[in-house]
Every structure is written in structure tokens, then in C-alpha cells.
Amino acid sequence: METIKNLELTPGLLDYIAQWKDKPGNLIMILHKAQEEYGFIPRNVAFKLAEVLDVPLAKIYGVITFYHYFKLEKRGKNIIAVCMGTACYLKGGEDIIKELETILGVGLNDMTPDGKFSVEAVRCLGCCGLAPVMSINGTVYGKLLKSQLPEILSKY
Amino acid sequence: MPYKHYILICSGTACESSRSREIHDHFMKEIKDHQLENDVQVVKTGCFGFCEQGPIVKVLPDNAFYVRLKPEDVREIIEENIIKGRMVKRLLYNPKDDKGRHPMTDVANIDFYQKQFRIVLRNCGVIDPEKIDEYIARDGYKALEKVLFEMTPDQVIEEVTKSGLRGRGGAGFPTGMKWSFTKKAPSDIKYIVCNADEGDPGAYMDRSTLEGDPHSILEAMTIAGYAVNANKGFIYIRAEYPLAIERLNIAIAQARDYGLLGENLLGSSFSFDIEIRLGAGAFVCGEETALLASLEGERGMPRPRPPFPAVKGLWGKPTVINNVETWANIPVIILRGAAWFAKIGTEKSKGTKVFALTGKINNSGLIEVPMGTTLREIIFDIGGGIKDGKQFKAAQTGGPSGGVIPAQFLDTPIDYDNLIAIGSMMGSGGMIVMDEDDCIVDITKFYLQFSVDESCGKCAPCRIGGYQLLHLLEKITNGNGSMDHLDKLSRISQAMQKASLCGLGQTASNPVLSTMKYFTEEYTEHIQNHKCRAHKCSHLLKFDILIEKCIKCGLCAKACPVGAISGDREKGYLIDHTKCIKCGLCFERCKFKAITRG
Ligand SMILES: Cc1cc2nc3c(=O)[nH]c(=O)nc-3n(C[C@H](O)[C@H](O)[C@H](O)COP(=O)(O)O)c2cc1C
Ligand code: SF4
Ligand code: FES
């Protein structure tokens, strides 16, 4: 476990932990910060957190795996989140995923070989009036047509 | 000095996605270029609700309502409307109807707003949510002042009880009663929680309220803190709502600066503070006991009730949990009085309800109507009817826990009890409109898939029952259904209702029961005739070439990805059904409608 001993958490995460350490129920907030810093929750970071926070590793993994938001795998540089909420489903959200698959060659929860894009499904981005909707790195694209995808992707 | 003009720009997530930020920047630049800084104020507001028409800009005092703006349009609005006082007709909202009306020069005449009544959304689209002074200017924090200095905690609870307010998070529990349980529970530490997890896919009422009027939630939670003697509040909000989180953070910081959160509020002896905690994408965490587990930093597993959180909640302490929309009603009830509030709505459902109106509807957006408004008024008057002149099939309320409302109930007044009586439920306020192109079995399968994915797995009826329901629905949509599956569906559904631990499992079968009741023949059609009238269930489709219409161009054969179409330009073409994967590409490609889809 040498790698974990020597692992230095990012300063941003360390600051955050210092702020939250004594607050009860802080684990989820700290995991959010970790994911913000690393893009996902790497194994050695989870080990390190167990040590720093003094909680069992099993609990950390228990929480990570319960919540869809936390990811254990490396994700692409740009994260495409296609809405699969009800409004978007009715208006063809599935076609958007299929079209992305055709264009990028990877399906849901997968990353392009060059690491540029990951495709994920989310439940309702809260812009149902604009269905179908997807977001790339948080920027929302609404009233999507399949034909607009190549142009949108080319911006990244 | 007051400004001569105010330009209100919608800055909700939906409008921001359609470039309202750029539009804002253009306005700032044009105002500077024309040296109008002292005459015009630009305000970034919350959602106007009419998301279909976004991005939207309103100019006051003219009341001009500009829709679907592009950044390029900004200069014209400045030069014409602001400088010359002439509205830019081509950019005004222009209802596409046959009543021969002209572009609307007054917001008050727009159908979308006419039957609406705004309590919860009173400040959305009116104030800049990032400025506490604007909230205060609209009587903000006055209700807090009133309770702190003129009312006893018991009087506050009595006022809320008398108003008849019921929880807007789904179950409709009387809010005043909930507070009184917590008040009576003996404990020196108590908590107030705002449920902003908004998990129903297809609903965004809470998001818009938080984005457009965050202070109203802070004020309401503080009032509840005073009423039940709690000093600490938590807002549990979905991580998927970054803009709402940002605005809440700003609002909390401002309220602390103004002495409206923290120690000795407004110089009184009462102290209260609020913290934000993020959810992490688990629908079940909207359920109150799971939410508390998640707030405690655990896996979000529901706990058996009783004990109810009102008595034994966060870290075992008495806790009031209410939904965002419930909270937003509180300051108004305190200021205008329970009697005023109780006049709105129906006998047992008081006040208004916010709905996220989406799906196959012309004016999709966020609406607020008095309880007791009929579905017909919502869909046809406010919503402007079904898209592309299609036939209304059903509206779905209550999300994965709810059911469908078919056309025969269009005139039923919508309130908690009526919706339950017809097999749906109010839910949090998602209202999804379906038309003839939507397959009822397919939608039901969609909801079941959702509940199966989101089941926490703690209890067997939900974990196994949900999966079995989904499996049966899959058989039916794949063409492998049999009539006795219908009976199985309803027996499993009833077992889940009775035996599941939490609301998720207890209600997950509602979509099944409700659609089987009102659309029995669609189920039988799928099973007996292998037919999906909406052409959604691809396994049941059969493509054929109509010889009379076919001009033997061969495009279909080229389009087919699996080579299921054989023939040549002499003899014509034929589809081999054993090879066909029912992708429908040939159907889309044929320009002569020579391919039939059955
Ligand atoms: C599976 C499930 C999901 C729920 N999701 C939400 C939600 O997203 N937002 C919410 O306010 N209430 C939700 N509820 C209802 C809460 O359990 C609780 O009744 C509500 O927060 C109480 O507040 P109210 O009385 O103001 O409605 C959910 C309930 C269940 C069973
Ligand atoms: S009903 Fe479902 S979600 Fe609720 S506790 Fe049981 S398994 Fe978990
Ligand atoms: S259903 Fe897609 S944004 Fe709500």
C-alpha cells in the first residue's frame, strides 16, 4: 500500500476536508469535492480518505456505490449527459443516445478511446420544457435534433 | 432615482441554455453604448415559466413580452422600445392561433398566464434572486419579523394549520399538524429540513423556485424553526442543480450579513442558521427517512415509520421535513393570513399547485393554478392544446408513483383527493401530456424501469416485485405476452402496495394498475394481436413494401443495415422478415410512402 501512504490529496480537497472534518454527516460532501477534483473517485483516493477521515473503507465504498452520482471509473475529458427523464424519453431522448453511439462509437457509460468524451444518462436536468435535452460539462442543449449533434460535438 | 425602464431577463436554467447570458451581455453593452445607464436597469430574474418560448425578456413599464430572442435582436429593442418608445412587434409573443389576434402587447392577455394564480412563484421572473434587497422590497422577511415580534410559536402553528396547507412533496400531509408534532416532542435539539431532492423525472418546480426566489425558502424555514424551537436547518438539494445551489449559497451569505440568519435574528432572542447538503443522484433519497440517512452521510436507505421524523428524525432528534413548494407558501400565509389562503382551492386542498407541464403540449412550462382547476383548463387553455393538432391521450401525474388521467376525466377538478380517487396522485407536480403517438404500455415500462433502477433493495416486495413487473411488461411489448400476464401484473402490484417498506415500493406499481384500468384494450392488443397502435414497440412492428406505390428506386435496400431487403430495379424489392431488425430506416428513407409499418 506504498502508493497510498505517499499519495498527496489535492490542496483543494485537503482544505475542504479541514473545513468539514468535524461536521457530522460530512462524508457525502467530501466525496463530492473529491469527485470534483479528480473527475471520479480513484481507488487510492478512497483508501486515503478512509485513513484521513478515520472511517472504515467499507463504509466509503458503501456510500460511493449507493449513489449514481459517484463514479469509480475514469471519465472522458468532456462529459455528455443525456437526459432520460420522462419528458425527454417521450420526445426521443433514446434516439439521441443512439445517434451519439453512431457518431462516437461508444454507448452509455463508456468513454471514447481517445478519452475525449464520456456518455452518461441522467434523470431529468430540470429543463423538461426543452426536451429532449443533454448537457456537456454542465452546459445545457435543449430542443435537440439528431442532426445538430455533429456540430455541437465539434465545439469540444 | 427610479429608472425609466426595467429590462427583466429570464435567467432560469432553461433560458440560460438558450443563450440568455449572451443576451444579458448584449443588453449591458448596448445600454453603455447608448449611454442609458441612468435610465435603464437590467434585472436577471428567475424563470417566467413559459419555457417553451425562451429566452424571454420583459420590458417594464411597457409590459412588453419578448420571446425566443437572439442576441442580435437586442440592439433593436434598445433603439426602438427603450429610446423611441415603440415596441418591436416582430419579437413580441405572437400566439399561433386562428383567432386573428395580433402580437400581444400586454402580458396580461397571454392565455398562458390568464388562468394562473401565483403564490409560490410570486417572485419568480420578478426579482433578481441574487439580490436580497429586491426580495425585501417585495415584503420579503416581513413574515419573519411578524412572527418574531408579534406571534407566539403556538400562534404560528395555528395559523399554518388553519390555512389548510398540505405538503406539496407528494403525500399531502397537513403541514401545521406536522409542525405541532415536532413542537410537542420533548428535546433540546430539533431540526428543520427542506427537501429539494426533486427526484421525479420530468418535474422541475422546485428547481425553478429555488433559482428564482431562494430567500422565500430561507425565510420559511426560519419561521418554522421559531415555531417548533429548532435552531438549525438543512437544505438537501440534488447535485444536478448547480445554479440553484449557487443561488442558495449567495442567499444564505446575504441573509447572514443582514442578521436574518445567525445569532439573535433581528435583535430577538431567537437564533437560526441553515446549511446546504448535496444529494448524489438517488431517487429514493427524496423519501424522508432515506433523506435523513443521506444527510447523516450514510447510504440512503429508508427506515421503518413510525417513528416519524417529526418525532425522531435527523440524528434521532425531532425534525420537520417539508418540500420546497410547501415552504414557499409559508411567508404568504403568515402575512396575508390563514383565512385568505383557505379561500383559494377546494374544500380539502387549499391554495395553489405548481405543475411542470411537459410532453406533447404546445406551451410547455411551469404553471401555478388554484387547486380545483380542471385538466382541460390546464391542457387546453393554459397549455394551448396538443402539439401538431394530435389527439390527447392521457396526462401522467405523480411520476413513477402516479398514474394516468385519461380523456374522460378532463373535467375533474384537480386536487389531492380527486386524483387519488381516479388512481393517480398529485405527486410533486410533474404533468406529462401524451398524445396518440405514445404507447401506454411502453410508458408504463419506462416508469417501472425507473423504479427498478432506483429501488434501494432493502425489502423484497419492491426489489423482486418491481423486477417481475418489468419482466412481464417486457414480455408483452416483445410480443411474448399472454392474457394471464395481466392477472399476474395486478396481483404482484397489490402485493407490493401492501408489503413494501417505503413509499417507493408501495407506489411503484401505480403506473401499472392505472394504465391497465384505463387502457385495457391496448394491453390486449399487444398480447393478442401483436400490435402496438403507436408504433413504439419495435418488436411488434412489421414492415412491408406496397407494390402499388413502389417505384423500384432501391433506396430502401441501400438503407437497410442488415441486408434484409432483396430485389433489383427491374423486379422490385421484398423485405425478408426473418432478417429484419425493425429499425425502421427503410420506412424513414422511402420518399413515396411505399413502405407500410404495421
Ligand atoms: C420514493 C419517494 C420519493 C420522494 N421524493 C420526494 C422529492 O423528491 N421531493 C419531496 O419534496 N418529497 C419527496 N417525497 C416525499 C417525502 O417523503 C416527504 O413526504 C416530503 O418531503 C414531506 O414534505 P411535505 O409534507 O412538505 O410534502 C418522496 C417520497 C417517496 C416515497
Ligand atoms: S420499498 Fe423499495 S426503495 Fe423502499 S425500502 Fe423497500 S426496497 Fe428500498
Ligand atoms: S425530463 Fe429531460 S430535462 Fe426533465
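At least one side-chain heavy atom of A:Ile28 sits under 4.5 Å from a side-chain heavy atom of A:His32. The shortest side-chain heavy-atom distance between A:Ile97 and A:Met84 falls under the 4.5 Å cut-off. Taking the side chain as every heavy atom from C-beta outward, B:Pro400 and B:Ser451 approach each other to under 4.5 Å. With contacts defined as side-chain heavy-atom distances shorter than 4.5 Å, the pair B:Thr319/B:Phe234 does not qualify. With contacts defined as side-chain heavy-atom distances shorter than 4.5 Å, the pair B:Ile443/B:Thr515 does not qualify. In this structure, the side chains of B:Glu287 and B:Leu504 stay at 4.5 Å or more apart for every pair of heavy atoms. Contact annotation: the side chain of A:Leu49 never approaches that of A:Val55 to less than 4.5 Å [non-hydrogen atoms, C-beta and beyond].
Chain A forms the most heavy-atom pairs under 4.5 Å with one residue out of B:Asp442, B:Leu357, B:Asp200, and that residue is B:Asp442. Between chain A and the options B:Cys47, B:Ala203, B:Gly430, B:Ala239, the largest number of non-hydrogen pairs under 4.5 Å is found for B:Ala239. With respect to chain B, the highest number of heavy-atom pairs below 4.5 Å among A:Gly85, A:Cys128, A:Gly129 belongs to A:Cys128. Contacts with chain A were tallied for B:Gly202, B:Ala280, B:Gly279; B:Ala280 has the most, counting heavy-atom pairs under 4.5 Å.
Without hydrogens or angle criteria, B:Asp206 side chain to B:Glu198 main chain gives no donor-acceptor distance under 3.5 Å. Without hydrogens or angle criteria, B:Thr444 side chain to B:Ile440 main chain gives a donor-acceptor distance under 3.5 Å.
Residue contact with chain A, scored on non-hydrogen atoms closer than 4.5 Å, involves the backbone and the side chain of B:Met301 alike. B:Ala244 does not touch chain A: none of its heavy atoms, backbone or side chain, sits under 4.5 Å away. Contacts between B:Leu295 and chain A at a heavy-atom distance below 4.5 Å involve the backbone alone (N, CA, C, O). Of the atoms belonging to B:Cys285, it is side-chain heavy atoms, and not backbone ones, that fall under 4.5 Å from chain A. Interface residue B:Ser294: backbone and side-chain heavy atoms are both found under 4.5 Å from chain A. Contacts between B:Asp453 and chain A at a heavy-atom distance below 4.5 Å involve backbone atoms as well as side-chain atoms. Residue B:Ala356 does not touch chain A at all, counting heavy-atom pairs closer than 4.5 Å. Looking at B:Ile276, the atoms closer than 4.5 Å to chain A (heavy atoms on both sides) all sit in the backbone: N, CA, C or O. Heavy atoms of B:Phe450 lying under 4.5 Å from chain A belong to its backbone as well as its side chain. For B:Arg277, the parts lying near chain A are the backbone and the side chain together; criterion is any non-hydrogen pair under 4.5 Å. Residue B:Glu298 touches chain A through both its backbone and its side chain, counting heavy-atom pairs closer than 4.5 Å. At a 4.5 Å heavy-atom cutoff, the contact between B:Val284 and chain A is made by side-chain atoms alone.
We find the CG-CZ distance between A:Asn137 and A:Phe117 to be 8.5 Å, quoted to the nearest 0.5 Å.
In summary, B:Lys360 and B:Asp438 engage in a salt bridge, as defined by a charged side-chain N under 4.0 Å from a carboxylate O.
For the residue pair B:Pro561 and B:Leu585, the shortest heavy atom distance occurs at CD-CD1, 4.0 Å. When every heavy atom of B:Ser364 is checked against every heavy atom of B:Glu52, the shortest pair comes out as OG-OE1, 2.8 Å.
In this structure, the ring-ring contact (aromatic ring centres under 6.0 Å, His included) partners of B:Phe112, at least two apart in sequence or on a different chain, are B:Phe50.
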Intermediate values then yes/no, salt bridge (Lys or Arg N to Asp or Glu O under 4.0 Å), B:Lys536 and A:Glu94: CA-CA 12 Å; B:Lys536 273 274 145 76; A:Glu94 244 176 358; over 6 Å; no

Working for side-chain contact (heavy atoms from CB on, under 4.5 Å), residues A:Thr86 and B:Gln396: CA-CA 10 Å; A:Thr86 320; B:Gln396 211 279 356; over 6 Å; no

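Within the structure, the salt bridge (charged side-chain N to carboxylate O under 4.0 Å, His left out) test picks out the following pairs touching residues 19-30 of chain A (sequence neighbours left out): A:Lys23-B:Glu275.
Below 4.5 Å, heavy atoms of chain B meet heavy atoms from A:Gly62, A:Val63, A:Thr65, A:Phe66, A:Tyr67, A:His68, A:Tyr69, A:Phe70, all part of residues 60-81 of chain A. Of all residues spanning residues 100-116 of chain A, none has a heavy atom less than 4.5 Å away from chain B's heavy atoms.
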